[in-house]
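One structure is given here, and the rest of the page talks about it.
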Amino acid sequence: MIELQNVTLRYGDRQILDGISLAIEDSKIKAVLGPSGVGKSTILKLILGLLKPNNGRILIDGVDITSMKESQLYPIRKKMGIVFQGNALFDSLTISENLGFFLRENEKLSEDEIEERVREQIEFASLEGYEDSLPEDLSGGMKKRVAIGRALIFRPGMILFDEPTAGLDPVSSKKILGLIGSLRKKSGLGAVLVTHIIDDVFQVADSVAVLYKGKIIFDDDTEKLHDSNHPFIQSILSDKILEQ
Amino acid sequence: MSTSFSGTLADNANRSLKEFFLMMQEFFFFSIRAFITIPKLRRYWRDFLDQAKIAGTDSLPIVLVSSISIGALLAVEVGNLLEDFGAKTMLGRSTALSIIRELGPLLMGLMLSARYGSRNGAELGAMKISEQIDALRAFGTDPIAKLVMPRLTAALVVFVPLTAIADFSGLYSAALIAEHYHKIDPGIFWNAVFPRLVLKDFVVGFLKAPVFAVIITLVSSFNGFIATGGTAGVGRSTIKGIVVSSGLLLIANFYVSKLVLENM
């Protein structure tokens with residue numbers, strides 16, 4: 001379980017998060033919805049310990065990671081996988097090498113075991129035949145599937161998605177959302193889905209937190225979003241895609 | 001009005017100063033981390049070899065071109081000057097000292113700052129902007145050990161032989177100019193070079209190589225690591241890396257010479 005307790009974050013004079021609290025249960029898909037540039041991706045970086053909050057605490061399975069050193073954070077981070085908005089694939093490595101990169105770096109596995117796990121992810125992402133291609137040779141949707149495969153390579157319990165369908169065509173978006181849904185159904189994997197596209201939330205999320213001006217203005221089951229009287233939520237329900 | 005204007009100026013100056021010291025602190029910890037991860041070199045030996053090739057063999061042409069041209073130019077100008085005093089036979093001595101102590105390592109440093117430093121800044125900056133550095137951290141790999149330490153160790157290893165090559169090629173081109181332009185016998189030229197060079201002349205020159213390796217690698221890599229603002233940000237951080245490291249090279253060049261010459 002991931003918990004953020006009264007988390008505040010500032011960049012210089014700019015207040016990004018203003019005392020937010022969130023709880024993300026295992027095996028559930030939680031969406032964080034908000035306009036672009038509001039600090040949604042920052043929440044994912046805080047959960048991974050890539051950023052430190054100015055105030056508040058972040059707990060992963062009950063362990064406070066807020067003041068942990070980088071070396072202490074590595075085992076915590078292995079419990080989660082992340083899919084970055086721009087995928088963050090290594091452009092000089094092939095798809096297979098990208099998938100196996102962190103296993104070779106950080107796990108004491110034989111080359112056969114690594115290849116087996118890479119093969120699993122290639123199959124999962126339906127990328128057979130593209131093992132030796134470079135990321136630049138793939139479409140946006142395929143790159144996203146590689147990034148999801150890489151995030152799953154350590155067999156984490158939770159996966160963090162940063163705008164997983166941003167910039168994708170409707171068909172690819174549907175495939176990616178289907179993939180996210182199937183992960184929970186097949187493997188019981190939990191997920192945090194940061195997005196500004198409200199349709200994505202309704203398609204896959206069990207619950208949703210709405211971030212607006214640094215605060216969480218709604219945090220409940222997805223279907224209850226329609227019941228909210230908050231003017232901002234009313235406006236996003238009619239606009240569907242949020243723009244700042 | 002003027003009070004509030006000066007107040008705003010003071011506020012801005014305070015903020016800039018604070019940002020500068022915070023960045024210096026960050027750079028200090030970044031540099032320490034690059035050095036303390038050197039024991040992980042065995043794990044990243046492939047990265048080390050890649051970087052040694054980029055900093056070493058790939059940089060050889062630019063180092064040769066610059067050292068040969070500066071050696072030749074120095075021989076022409078100093079030779080003309082010495083001729084006025086009837087001391088042309090001292091050309092070997094004066095060019096050797098200039099090249100081995102100062103111009104060989106300095107010119108090599110500036111060329112590598114432009115070539116190796118800019119590559120580091122642009123490559124790491126692009127990795128930062130595309131969140132690849134965050135990905136390394138997120139999946140449990142120390143980005144400084146993986147990306148910066150191999151660059152630092154490779155530069156430390158290859159900059160010394162590059163300095164030797166720069167010195168030799170500069171001196172050799174000076175010898176050719178002495179022979180063909182000033183009509184000085186090669187025996188006279190080389191006799192004025194080697195018997196007169198002492199240990200401290202080599203220490204001054206070769207001590208600069210590792211100092212320059214540290215400055216170029218750490219400054220350019222750090223600027224890549226803190227790049228923000230898209231592709232324009234990568235450009236800015238790359239330029240900043242080259243400008244700052246080149247400036248620091250000139251300062252370090254002066255102080256290394258001064259320290260060694262005063263204490264040996």
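- Residue B:K128 qualifies as enclosed at atom NZ: its count of foreign heavy atoms under 6.0 Å is above 12.
- More than 12 heavy atoms of other residues, nucleotides or ligands sit less than 6.0 Å from atom NZ of A:K143.
- Only the backbone of A:L89 comes within less than 4.5 Å of a heavy atom in chain B; its side chain stays farther off.
- For A:I82 against B:A138, the heavy-atom pair with the smallest separation is CG2-CB, 3.8 Å.
- Contact of A:L48 with chain B is made through the side chain alone, with heavy-atom distances under 4.5 Å.
- Within 6.0 Å of the NZ atom in A:K28, the count of heavy atoms belonging to other residues, nucleotides or ligands does not exceed 12.
- Closest of all the heavy-atom pairs between A:A88 and B:A135 is CB-CB, 4.0 Å.
- Crowding of B:R119 atom CZ: a count of heavy atoms from other residues, nucleotides or ligands under 6.0 Å not exceeding 12.
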(message) Let's go through B:E131 and A:K45 carefully: what are the C-alpha distance in whole Å and the side-chain angles of both, what is the deciding distance for side-chain contact (heavy atoms from CB on, under 4.5 Å) to 0.1 Å, and is it a yes or a no?
(response) CA-CA 11 Å; B:E131 296 182 305; A:K45 289 184 178 175; 3.6 Å; yes
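- Minimum heavy-atom separation, A:Y74 to B:P143: OH-CD, 4.3 Å.
- Put simply, CG on A:L44 and CG on B:D134 are 11.0 Å apart, with the number rounded to the nearest 0.5 Å.
- Ring planes of B:F139 and A:F154: tilted class, angle from 30 to 60°.
- Heavy atoms closer than 4.5 Å to chain A are found nowhere in B:I133, neither backbone nor side chain.
- Nearest heavy-atom pair, B:R43 versus A:N106, reported as atom, atom and distance to 0.1 Å: NH2-OD1, 3.3 Å.
- The contact between A:E70 and chain B is made entirely by side chain atoms (from C-beta outward), counting heavy-atom distances below 4.5 Å.
- Counting heavy atoms of neighbouring residues, nucleotides and ligands inside a 6.0 Å radius, atom NZ of A:K213 does not exceed 12 of them.
- Distance check, rounded to the nearest 0.5 Å: OG1 of B:T141 to CZ of A:R104 gives 13.0 Å.
- Proximity to chain B (any heavy atom under 4.5 Å) is restricted, for A:F102, to the side chain, taken from C-beta onward.
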(request) Let me see the working for A:F84 and B:Q132 under side-chain contact (heavy atoms from CB on, under 4.5 Å), right down to the final yes or no. (result) CA-CA 9 Å; A:F84 288 94; B:Q132 290 177 47; over 6 Å; no
